[in-house]
Structure formats: C-alpha cells, structure tokens
Number of protein chains: 2
Amino acid sequence: MSQVLKAHINKFLPLNDEEYSAILPYLKVQKVKKKQNLMTEGEICKQHYFVEKGCLRKFFINEKGVEQTTEFAIENWWMTDHIAYERQHATLFNIQAVEHTEIVILDYQSQEKLFEQFSFMERYFRFVYQRAFAATQMRIKFLFDYSKEEMYHHFIKTQGAFAQRIPQYLLASYLGLTPEYLSEIRAKRFS
Amino acid sequence: MSQVLKAHINKFLPLNDEEYSAILPYLKVQKVKKKQNLMTEGEICKQHYFVEKGCLRKFFINEKGVEQTTEFAIENWWMTDHIAYERQHATLFNIQAVEHTEIVILDYQSQEKLFEQFSFMERYFRFVYQRAFAATQMRIKFLFDYSKEEMYHHFIKTQGAFAQRIPQYLLASYLGLTPEYLSEIRAKRFS
DNA sequence: CGGATCGTTGATCAACTTCAACGGTCGTGG
DNA sequence: CCACGACCGTTGAAGTTGATCAACGATCCG
C-alpha cells in the first residue's frame, strides 16, 4: 500500500505505523485507466475515492445532453457524490479517470466503522470535509464574481500546471463555457 | 441558553445534559437586528455562527460594486467564511442578518479546544461539514445545469416558504440575476 | 405627508451559445 | 508503415439570454 494516503493523514494529525496498519484492512487500492468510469449516474453510490496519482473528474449530463464537469480531483483529494454517498442513494453524477490514475477506495460501511473505531479518523475526515467545503465556497464565489473570460484567466493563473494536463474541452466543461468560446478567448492573447 | 443547538447536535449523536453543560462555557448567544453586520470584509474571521432563529446571509461586493449573496443560513445552519476562519485570515465576505436573528457564537480558539476535549464535538462537526459540503455540491450542479429562469423556478419549488421571508432583491442576488430580470421572469407567469 | 426604497416595464446592448465547416493530429487496423 | 476515420481545436455568422439604463408607481416608514 502506497504511502500517499498515510502522508496525507499525517498532514493533519500524528499517525504511527501501527495506527495506519489498523485502518489498512478497510481500504482497497486500484488502478484506473484513462476514461474508465468509477461511478455512473443512476447507481447506488457506495464508495469514496482518494487519488494517490493521476486525476479524476466528476460530471453530469445536462438538459442538453452535454457532459458538465463539476469537479476535478488530483493527488491528495477525496471524491464521491457526497449526497448520494451519505444517504446510500442513486447518484446523479459520473466519476471518470482523466488520465491513468491510482486510487484508494473506501466504501461506505468501512468508513462508518472507521469513524466508530478510530477517533483520529473522525478527526481526519473532519479536516477533509472542512477544507473541501471551504474550497467549494470559493468556487461558488468565483462562479458569481467572474465572467467566463475571467474564469479562464483566473484558472490559468492559479492552476496553470494542471491546465496543461487536461484537454481543452474538459477545461471548457469545468469552467462552464463552450469549447468554441474558450478557443476564442485564447485567440485574444495574440491580438 | 436555548435548546435549539442541543437538539441539532442530538440529531447526529446522543448527548446528555451533562455533556451539553460541559460545552456551554465555550458558547455565547447573541441577538442580531435586521441588517446588522456580524462580519465585514477585511476583518480577521474569528467566529462561527449557528442560527437558532431568523436568517443570515453571506455576501461579497463584486467587481461592479454590487452585493452578491452566496449563501443564506436559516435555523440549524452554521455559517462563517470557512477559509478565513480556518486560517485566521482577513475575510472576503460580509455576514449580515436578513431579519431579527438569534445566534450562537463559537470562536475559533473555543472550537479548537472543543475538538481537543470532546471527541463528540469532532464527530458533530464532521457531520456538519459533510452535510454543508454536500449541499454546496448540489448548488454548484444547479448553477451549471439551470438557466437563470430555471434557477428561479427551482428555488420557488424547493424553498417556496423561505422565498416568502426575504425581499425580492435578495433572492435575485442569491440566484445571480438582476432584480429587473427576476421581475420579468415573474411576470411571465401571468401571460 | 414626503422621501427613500422596492418592484416593474421597455429599449438597447453585451456576453456567450449555436451551428456549420475546416484542418490537424492521433491511434488503430490493414 | 501507411491510410483512414475519429476526435479535437479553431473560425466566423447568426441567434439567445440576460444585463444595463432610465423612468415610473407603489409602498413603507418616519
């Protein structure tokens, strides 16, 4: 088992080898190929994914039949449909690998057991959710504050390295604009 | 001290009177008048607010100088600028009472102490953040999925009672459209 | 009663989408 | 190893959604 998750937990709280070994039985590692689906709309959402390497995206199919990406998860991010996961319901989202990705899978029952048995896991996920929530708070602010063009420039400025890793149509999908318009915005740089 | 917060904690975990009494010294209740500010842009964000009665809103001033509401908090919701709170930084947001409101205040130092001393509080806030995060995930989905007109109808359909409580220009601000356009959408109902 | 605030209406305007077409590149099968 | 098709990014024209601006009426509150 890779040390990436252990290192991540360690960023929030002290964790010795013994403690880490104790939680390992609840986790499963998996490799996912590019474009492979981990979760599909309509399924019961049973799992929570931690990205050790690579990139996942979460998207839904909008009313026009177009894939709309709501979130990316790169190294050290957890991802699932949190509503469907908590309630063990059918999900509205799809989760797919953007590139070859290595993940840790935690299923719902296991996560509940971890919370009951290890208070440090309760603490760890309190941090994880707190941070994730804070991040979406900023995402919502940007969605209101910026025009589509500003969204693009802000993304390039703050996530430039990541922008290189993904195809342009996925960036367009995440920013909420059409590939054509994104292309037009990019063209302006040279005029 | 009102029982609203106790009841809320009890929704997630068992809590006896003794335990509740133990955390009370860390909390402060306060009444807030309509339009009174609890937090102002530029200040260090030291506090976390729980609404027992009434309604708060969080907003920022956008590039055009217009107030943009990103979130409402009604009964049983916690609210703060989570990024600024976690890092004890200056906030980018304002928090203001929409109507006469009764809140519980938890300051950052107290919250940290509660986490250290009472594992049930760690658990409680793990739930609170998990739910809040799940809610913003849906909000982001709606922001992408719906046109402004659909945003309005969806809000009326799912939050109709709350919509009655707030003035129309605040609803417009929350939905991300102009009061003029909201007025136009409403007018369509009768044509 | 008088002023400020809120909701409405209509005209004009800007941001962004849609649609159609084209060229380049990449990967796959022959 | 080449050829073909699929996919991706780009361009431009036309169309839509929603913003802006100005003006007016209603209501609320002092």
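Below, chain A is the first sequence line, B the second, and so on; all start at residue 1. Note that the structure is a prediction, hence the values are computed from the model and not measured.
Per the geometry, OH belonging to Tyr152(B) stands 11 Å off P belonging to dG7(C), to the nearest Å. Residue Arg186(B) contributes atom CZ, which lies 15 Å from atom P of dC6(C) at whole-angstrom precision. Atom-to-atom, CG of Leu175(A) to P of dG9(D) comes out at 13 Å; the value is rounded to the nearest Å. Rounded to whole Å, the distance from NZ on Lys188(B) to P on dG10(C) is 14 Å. Atom CD1 in Ile185(B) sits about 14 Å away from atom C1' in dG7(C), given to the nearest Å. Taking atom CD of Glu150(B) as the reference point, atom P of dT17(D) lies 11 Å away to the nearest angstrom.
Here the side chains of Gln96(A) and Leu38(A) are not in contact, with every heavy-atom distance at 4.5 Å or above. Between Leu182(B) and Pro179(B) the shortest side-chain heavy-atom distance does not fall below 4.5 Å.
Two end axes, each from the C1' atoms of five base pairs, can be drawn for the helix from dC1(C)-dG30(D) to dG30(C)-dC1(D); they diverge by 50°, to 10 degrees.
Residues forming a side-chain hydrogen bond (donor to acceptor under 3.5 Å, both in side chains) with Thr69(B) (at least two apart in sequence, or on another chain): Arg57(B), Ser173(B). Lys11(A) is linked by a side chain to side chain contact (heavy atoms under 4.5 Å, CB included) to His8(A), counting only residues two or more places apart in sequence or in another chain. Residues satisfying the salt bridge (charged side-chain N to carboxylate O under 4.0 Å, His left out) criterion with Glu41(B), sequence neighbours excluded, are absent altogether. Partners of Glu19(A) by salt bridge (charged side-chain N to carboxylate O under 4.0 Å, His left out), not counting sequence neighbours: none found. Taking the ring-ring contact (aromatic ring centres under 6.0 Å, His included) definition, one finds that Tyr169(A) meets it with nothing, sequence neighbours left out. With sequence neighbours excluded, the residues that form a salt bridge (charged side-chain N to carboxylate O under 4.0 Å, His left out) with Glu86(A) are Arg131(B).
Taking the ring centre of Phe115(B) as origin, the terminal cationic atom of Arg126(A) falls inside the region bounded by 6.0 Å and 45° from the ring axis. Taking the ring centre of Phe12(B) as origin, the terminal cationic atom of Arg123(B) falls outside the region bounded by 6.0 Å and 45° from the ring axis. Cation-pi geometry between Arg139(B) and Tyr174(B) is met: the NZ or CZ atom falls under 6.0 Å from the ring centre, inside 45° of the normal.
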Tabulate below the donor-acceptor pairs under 3.5 Å that side-chain atoms of residues 70-77 of chain A make, not counting sequence neighbours, or state none.
from     : atom 1 : to       : atom 2 : distance (Å)
Thr70(A) : OG1    : Lys58(A) : O      : 3.4
Glu71(A) : OE1    : Lys58(A) : NZ     : 3.0
Glu75(A) : OE2    : Gly54(A) : N      : 3.0

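For residues 108-120 of chain B, there are no salt bridge (Lys or Arg N to Asp or Glu O under 4.0 Å) pairs, not counting sequence neighbours.
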Restricting both atoms to N or O, compile the protein contacts to nucleotides 27-30 of chain D shorter than 3.5 Å, with distance only.
none

Atom pairs under 3.5 Å, N or O on each side, protein against nucleotides 6-8 of chain D: can you list them with distances?
from   : atom 1 : to        : atom 2 : distance (Å)
dC8(D) : OP1    : Tyr169(A) : OH     : 3.0

Nucleotides 16-24 of chain C: protein proximity per nucleotide (B base, S sugar-phosphate only, - neither; heavy atom, under 4.0 Å)
SBBB-----
